Amino acid sequence: MQGVEVVEGVLPSLDDGFKGLSIEELEKVPKLKGFPVKTKQIAAKIEGIHTEIIINVYLDYVFIIITQTNKIGTIIEATKDQDQYFEGESEGSFSVKVHIGKRDDDLNAIYGRQLAQLVDITSSTPRGLILGLGLRENKGNERTTFSKIYHLIHSQKIW
């Protein structure tokens with residue numbers, strides 16, 4: 001993708017209590033459904049601004065943090081409303097609730113809905129979205145910045 005330099009990694013998923021165990025010993029540890037949490041961390045320069053994206057996939061939610069400020073910023077929850085059918089096609093709509101942060105910023109709600117729709121369309125299991133959004137103000141470039149972030153998350157999906 002033009003204008004995006006990506007550095008990615010996967011965060012360790014083993015708890016300190018499991019360090020030092022052999023593969024045979026780890027295979028004997030009982031596994032919980034949906035555990036461990038899948039985690040992916042991505043760093044990229046988007047429109048010249050260092051951007052960190054962390055994706056955590058839980059059994060019923062995907063938690064995505066997008067930050068250019070090294071802070072989580074606004075916390076948004078997006079959940080799918082009951083499906084509406086129009087001419088036999090399912091139309092998904094999403095409710096967005098700001099838990100902490102900028103409640104008056106319409107772009108945050110749009111970002112939440114767009115990413116919730118991405119998770120819904122590409123996931124085999126229905127999941128809600130919790131989004132931590134700490135973007136710098138980028139007057140006039142919001143659409144381009146979010147488009148690049150959206151495509152980067154889409155290409156890296158782990159749910």
Side-chain angles (χ1 to χ4, degrees), residues 1-13 32-87 89-159:
M1 189 179 336
Q2 187 178 11
V4 178
E5 177 187 330
V6 178
V7 179
E8 63 180 89
V10 177
L11 298 177
S13 60
L32 300 173
K33 186 177 180 184
F35 186 83
V37 175
K38 292 180 190 173
T39 302
K40 180 109 180 189
Q41 181 175 3
I42 306 156
K45 278 216 186 264
I46 298 178
E47 297 295 306
I49 301 171
H50 180 78
T51 306
E52 294 278 339
I53 301 171
I54 300 171
I55 305 169
N56 294 306
V57 180
Y58 299 90
L59 194 57
D60 56 349
Y61 270 88
V62 175
F63 179 34
I64 300 175
I65 299 170
I66 304 167
T67 185
Q68 295 175 327
T69 62
N70 290 328
K71 298 176 184 170
I72 292 179
T74 302
I75 304 282
I76 301 164
E77 178 181 15
T79 53
K80 187 173 184 178
D81 299 329
Q82 190 165 2
D83 280 341
Q84 304 291 319
Y85 290 91
F86 180 72
E87 296 182 4
E89 294 290 320
S90 173
E91 286 290 318
S93 63
F94 298 87
S95 295
V96 176
K97 180 178 181 184
V98 176
H99 288 282
I100 298 172
K102 297 180 182 177
R103 298 188 192 301
D104 59 345
D105 189 343
D106 293 335
L107 284 177
N108 287 341
I110 292 168
Y111 298 161
R113 280 189 183 90
Q114 289 289 311
L115 289 172
Q117 186 176 24
L118 172 66
V119 168
D120 181 65
I121 290 171
T122 59
S123 180
S124 60
T125 307
R127 291 187 169 101
L129 172 72
I130 302 290
L131 177 62
L133 204 53
L135 298 177
R136 289 191 182 167
E137 283 194 32
N138 200 359
K139 295 290 183 198
N141 261 352
E142 294 91 351
R143 182 179 217 164
T144 303
T145 298
F146 183 72
S147 177
K148 289 180 179 180
I149 289 170
Y150 178 92
H151 289 292
L152 186 58
I153 291 171
H154 186 269
S155 71
Q156 302 292 320
K157 66 183 184 290
I158 58 171
W159 50 87

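Remember, predicted model here, so these are calculated numbers, not experimental data.
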Practice task
Kindly give the heavy-atom pair with the smallest separation between Glu52 and Gln41, and that separation in Å.
Solution key: OE1-NE2, 3.1 Å
Exercise for the section: Could you tell me the separation between the NZ atom of Lys102 and the CD1 atom of Ile75, rounded to the nearest 0.5 Å? Expected result: 13.5 Å
Completion exercise
Rounding to 0.5 Å, atoms CG (Asp105) and CD (Glu137) come to a distance of 8.0 Å
Handout entry: Beyond-backbone contact of Glu77 with Ile130, side-chain heavy atoms, under 4.5 angstrom
Key = yes
Completion exercise
Rounding to 0.5 Å, atoms CD1 (Ile110) and CG (Leu115) come to a distance of 12.0 Å
Problem - Residue pair Thr79 / Lys97, side-chain heavy-atom distance below 4.5 Å - result: no
Practice task
Using the side-chain contact (heavy atoms from CB on, under 4.5 Å) rule, take Arg127 and Val57 through it: C-alpha gap first, then chi angles, then the decisive distance, then the call.
Solution key: CA-CA 9 Å; Arg127 291 187 169 101; Val57 180; 3.9 Å; yes
Fill in the blank from the handout: For Phe63 and Gly132, the nearest pair of non-hydrogen atoms, with its separation, is CE1-N, 4.3 Å
Practice task
Not counting sequence neighbours, which residues clear side chain to side chain contact (heavy atoms under 4.5 Å, CB included) with Glu142? List them please.
Solution key: Leu107, Tyr111, Lys139
Completion exercise
The side chain to side chain contact (heavy atoms under 4.5 Å, CB included) partners of Val98 (sequence neighbours excluded) come to Thr74, Ile76, Arg103
Exercise for the section: Indicate yes or no for a side-chain donor-acceptor contact from Arg113 to the backbone of Ala78 under 3.5 Å, with no hydrogens or angles considered. Expected result: no
Problem - Name of the residue among Leu152, Ile153, Ile66 meeting side-chain contact (heavy atoms from CB on, under 4.5 Å) with Ile42 - result: Leu152
Problem - Criterion side-chain contact (heavy atoms from CB on, under 4.5 Å) on Ile149 and Leu135, from CA distance to verdict - result: CA-CA 11 Å; Ile149 289 170; Leu135 298 177; 3.9 Å; yes
Completion exercise
Closest heavy-atom pair, Leu118 versus His154, reported as atoms and distance to 0.1 Å, is CD1-CD2, 2.8 Å
Exercise for the section: Mind checking side chain to side chain donor-acceptor pair (under 3.5 Å) for Thr145 and listing every partner two or more places apart, or none if nothing turns up? Expected result: Asn138
Practice task
Can you establish whether the number of heavy atoms outside Asp106 located under 6.0 Å from its atom CG is more than 12?
Solution key: no
Problem - Nearest heavy atoms of Lys80 and Asp120, plus distance in Å - result: NZ-OD2, 3.0 Å
Fill in the blank from the handout: The reported gap from OH in Tyr61 to CG in Asn56 (rounded to nearest 0.5 angstrom) is 14.5 Å
